[in-house]
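The structure presented is a predicted model; accordingly, all values stated were derived computationally and were not measured. Numbers here simply count residues along the sequence, with the first being 1. One-based numbering, in listed order, for ligands and for the atoms of each.
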Amino acid sequence: MDTDAALRQIEAAQGLEALQSLKVQYLGKNGLLTQQMKTLGSLSPEERKERGRQLNEAKGRLEAALEAREAALRERALQEQLEKEALDVSLPGYAFPSGGLHLISQIQQELLGIFRSMGHSVVEGPEVESEFFNFDGVNMPEWHPARDMQDTFWLQKPERFTIHGPFGEDVGDLGGALLRTHTSPMQVRYMIQHTPPFKIVVPGRVFRYEQTDASHEAMFFQLEGLVVGPDITMADLKGAITELARGLFGAEAKVRFQPTFFPFVEPGAQFAMWWAERGRWLELGGSGMVHPNVFKAVDDYREKMGLPRAYEGMTGWAFGFGIERLALLRYGIPDIRYFYQQNRLSFLRQFRN
Ligand code: PHE
C-alpha cells in the first residue's frame, strides 16, 4: 500500500461520501491497511516489530488525514450554506403603513388627562337619547327653541329599540327619541345614579341638524364637566377652568368669564382662555352653576325610582365645550370640515402622533 498516494487521495476528496469510501477502502474491515495488519502474524518477531511500527504509523497518518479532511469539508459546506442563505440587510424593507390617532382623539385624551389629574372620573352616555334627558331634565322645557327641527335630529318613535334610563329602565314614555344635541344629558343621568359629592367629565359625540360650513358640523365632540357637593362655588369653577387653561396653554394662561344664558345654569358664563404665545383670547364654551331645576328634576326621578332625594342643599358647577373648536383655534385650522369630510388624510397626517 502506498501511504503517500492514499494521503493525497484523502486530501483531494471532494465530498463527505467520497471521503467515507476512502476510509472504508483503507481502514475498513476489509481495507488495505487492515489486511496488511492481518499478515503480521506470519512474520518473524523482528520483522513483525518493524512492520507493525510502520503500519501503525501509516494508520495514524491516515486517520489524522481523514479527520482533518472531514473537518475541512464540513467547514466548506457550512460556508456555502451561509452564503446561500445570507440575508442582505442593506436591501430596503417593506414599509407598513402605520395608523395614528385622529387629532380630535388626541386632544380628547389630553383633556381627560388634565381632568383626571384634578380627580374627575370619566363617564360616557348614549348618543341616542330621550327627549327627557336631553331637554326637560336640563331645564329646557317644551317651548325651548333649541328643540326645533332646525337644531335636533329627531328619530322615529322607537319601535325597534328602547331608550334606557340610568338603571336600564325603559324611558319610552318620557318623550321622543333624538340624537343628543349636547353632552349635558349625562349630567342628569349621572346624578340620578350617584349621590354627591363627585367630580366627573363626559366626553362624547353630539349632533345638530345644521347646514355645515367652515365652522359648523352636524356631528362634533364635546367635553362636559360636572362637580357637585355641599359647598361648591363659582370660585371652584374658575379654578378648574384656569387649571384647564394652564394644562393646554402653559403656566401663563388666564381665563375670562362673561355672563351668558344657558337654561341649565344660573348664573351662566361663557369662558375664554388667554393664549399668551399668540396674545389672544380663545372663546371656548359655556359654564355656570347648576340650576336648581336640574337638581329638582334629578331628585324627582330618584324619588320615582324609590331612591331618597339627594340634591337638596347641594351646589355644583358645570361646563361644556366643543373639542373641534379648540382644535381649530389652537392649530389655526381654517375649516371644521377637514376633520371628517372628504377623507382628508393628507390633512390629518400632519397631526399624526
Ligand atoms: N350644553 C351646552 C352646549 O352644548 C354647554 C354647557 C354645558 C353650558 C354646561 C353650560 C354648562 O352649548
Measure from the ring center of F220 to the ring center of F207 and say whether it is less than 6.0 Å.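 Between F207 and F220, which both carry aromatic rings, the centre distance is not below 6.0 Å.
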
How about F262 and F321: are their ring centres within less than 6.0 Å of each other?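 No; F321 has its ring centre 6.0 Å or more from that of F262.
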
Would you list the atom pairs, donor with acceptor, under 3.5 Å between side chains in residues 75-98 and any protein atom, with sequence neighbours excluded?
residue	atom	partner	partner atom	Å
E75	OE2	Q79	NE2	3.1
R76	NH1	Q14	OE1	3.3
R76	NH2	Q14	O	3.2
R76	NH2	Q14	OE1	3.3
Q81	NE2	E85	OE2	3.4
D88	OD1	S90	N	2.9
D88	OD1	S90	OG	2.5

Salt bridge or not between K49 and E46? Use side-chain N to carboxylate O under 4.0 Å.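 Judged by the 4.0 Å cut-off on N to carboxylate O distance, K49 and E46 do not form a salt bridge.
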
Identify all pairs of nitrogen or oxygen atoms, one from ligand 1 and one from the protein, separated by less than 3.5 Å, and list them with distances.
residue	atom	partner	partner atom	Å
ligand 1	1 (N)	H182	ND1	3.0
ligand 1	1 (N)	S184	OG	3.0
ligand 1	4 (O)	R208	NH2	3.1
ligand 1	4 (O)	Q222	NE2	2.9

Donor-acceptor pair, E129 side chain versus R180 backbone, under 3.5 Å?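 No.
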
In terms of the angle between their ring planes, are H102 and F339 parallel, tilted or perpendicular, with boundaries placed at 30° and 60°?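 Taking F339 first and then H102, their aromatic rings sit tilted (interplane angle of 30° to 60°).
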
